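Being a predicted model, the structure only gives us computed values, none of them experimental. Protein chains get the first letters and strands the later ones, always in sequence-line order, with residue 1 at the start of each.
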Amino acid sequence: MNEECLQYFHRISEYIDRELDDAICRKIDAHLKECPECRECLNSLRKTIELCRQASEEAVPEGFRKRLRAVLKECFGAQPT
Amino acid sequence: MGASGSKGGRARDGEGAITDRNAEKDLDQQLIARFKAGSMEAMEEIVRRYERPLFNFGLKICGQSQDAEDVIQETFLNAFRYLNGFRGETKLKNWLFKIASRTCLRKRRKRKGEPEEEVPLEDFELDAGANSGYEIPSWSDDPSGQLLRAELKRIIDLSIQSLPQKYRLVFNLRDLQGFNTQETAEILEISPEAVKTRLHRARLFLRKKISALYREARAK
């Protein structure tokens, strides 16, 4: 990894998140076209984020949903209507 | 590659998302007003809207279902206790996640012997390129292979749990819950720069950890 790669490596998450100015993005776009190592770095990071997103959604246990509502009703059920 | 990361692209792509967020905020404001007027249905609707993202957040931060349940319960109890004083300076969702984050942090402080580690960037600089050979599987590689998917989920959960908590909080809020940098900074009461730094290191950490565990699992 050379000096230029290292410089962009530090900004790669901001690049993924589209948080960089156009001028820096254009420089990174140009570098990525030339550098397979940085392309791989970018792709593997994107895959990591996507994988974590896809595997992370779980349903709330039904028993807990009922208990939660019972607790909230007990605490706030006497609100004036 | 052709994947421009410019702010301009984001603004064009984001108009629909902004409209959705405004509609959500309007609905939240209506629900809050109805709750303040004594509507139990409004309370139920608020719980129904946010229990799942809060549960998943608590689960990823605390690691155990029981702890996640405690976090949600405490979050909603505090939220409804103080909702009458909520002036809407922030979105309801962001406020709820702020309460949940504080609850998670309090829970952690109660546990002894869990050090808050740093994740140095230098750990990843040497193996950032193609030669490092990271192997990140796709979730959809084999949709029929439920065993493989269960194993993959275990690897991902274990990897996220291995992240020191301050990085885990930022990664969860940004990449799993979809808050932007500014919102995450406000929720955690840290600077936007700290959010960016922690997010970058968290992603690098997870890439390395997931790849290593995936290789181990395949070698068995």
Quick check on the interface: out of [options], who has the most heavy-atom pairs with chain A under 4.5 Å?
{"options": "B:Glu51, B:Glu44, B:Lys196, B:Arg48", "answer": "B:Glu51"}
{"options": "B:Glu135, B:Arg81, B:Gln73", "answer": "B:Gln73"}
{"options": "B:Met43, B:Glu69, B:Lys60", "answer": "B:Glu69"}

Given a strict heavy-atom distance threshold of 4.5 Å, which part of [X] is in contact with chain A: side chain, backbone, both, or neither?
{"X": "B:Asp157", "answer": "side chain"}
{"X": "B:Ile156", "answer": "side chain"}
{"X": "B:Ile210", "answer": "side chain"}
{"X": "B:Asp175", "answer": "both"}
{"X": "B:Leu59", "answer": "side chain"}
{"X": "B:Ser211", "answer": "neither"}

Measure across [X] and [Y] and return the closest heavy-atom pair with its distance rounded to 0.1 Å.
{"X": "B:Lys153", "Y": "A:Glu58", "answer": "NZ-OE2, 2.8 Å"}
{"X": "B:Leu77", "Y": "A:Cys75", "answer": "CD2-SG, 3.7 Å"}
{"X": "A:Cys52", "Y": "B:Leu206", "answer": "SG-CD1, 4.4 Å"}
{"X": "B:Val47", "Y": "A:Arg69", "answer": "CG1-NH2, 3.6 Å"}
{"X": "A:Lys47", "Y": "B:Ile136", "answer": "NZ-O, 2.9 Å"}
{"X": "A:Ala59", "Y": "B:Phe55", "answer": "O-CE2, 3.6 Å"}

Flag yes if more than 12 heavy atoms outside [X] fall under 6.0 Å of its [atom1] atom; otherwise flag no.
{"X": "B:Phe86", "atom1": "CZ", "result": "yes"}
{"X": "B:Lys93", "atom1": "NZ", "result": "yes"}
{"X": "B:Lys98", "atom1": "NZ", "result": "yes"}

**Item:** Residue part contacting chain B, namely of A:Glu50, when any heavy atom lies under 4.5 Å
**Value:**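 No part of A:Glu50 comes within 4.5 Å of chain B.
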
**Request:** Measure A:Arg67 against the heavy atoms of chain B and call it side chain, backbone, both or neither at under 4.5 Å.
**Result:**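 When you check distances to chain B, only side chain atoms of A:Arg67 fall under 4.5 Å.
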
With a 4.5 Å cut-off on side-chain heavy atoms, are [Y] and [X] touching?
{"X": "B:Met40", "Y": "A:Leu72", "result": "no"}
{"X": "A:Leu45", "Y": "B:Tyr134", "result": "no"}
{"X": "A:Thr48", "Y": "B:Phe205", "result": "no"}

Value rounded to 0.5 Å, distance of [atom1] in [X] from [atom2] in [Y]:
{"X": "B:Asp70", "Y": "A:Phe64", "atom1": "CG", "atom2": "CZ", "value": "8.0 Å"}
{"X": "B:Arg174", "Y": "A:Ser13", "atom1": "CZ", "atom2": "OG", "value": "9.0 Å"}
{"X": "A:Glu19", "Y": "B:Leu199", "atom1": "CD", "atom2": "CG", "value": "8.0 Å"}

**Asked** When you measure from the side chain of B:Arg207 to the backbone N and O of A:Ile49, does any donor-acceptor pair fall under 3.5 Å?
**Response**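 Not a single qualifying donor-acceptor pair exists.
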
**Asked** Taking the six-membered ring for Trp, are the ring centroids of B:His200 and A:Tyr15 within less than 6.0 Å of each other?
**Response**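 Judged by ring-centre distance (under 6.0 Å), B:His200 and A:Tyr15 do not meet the cut-off.
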
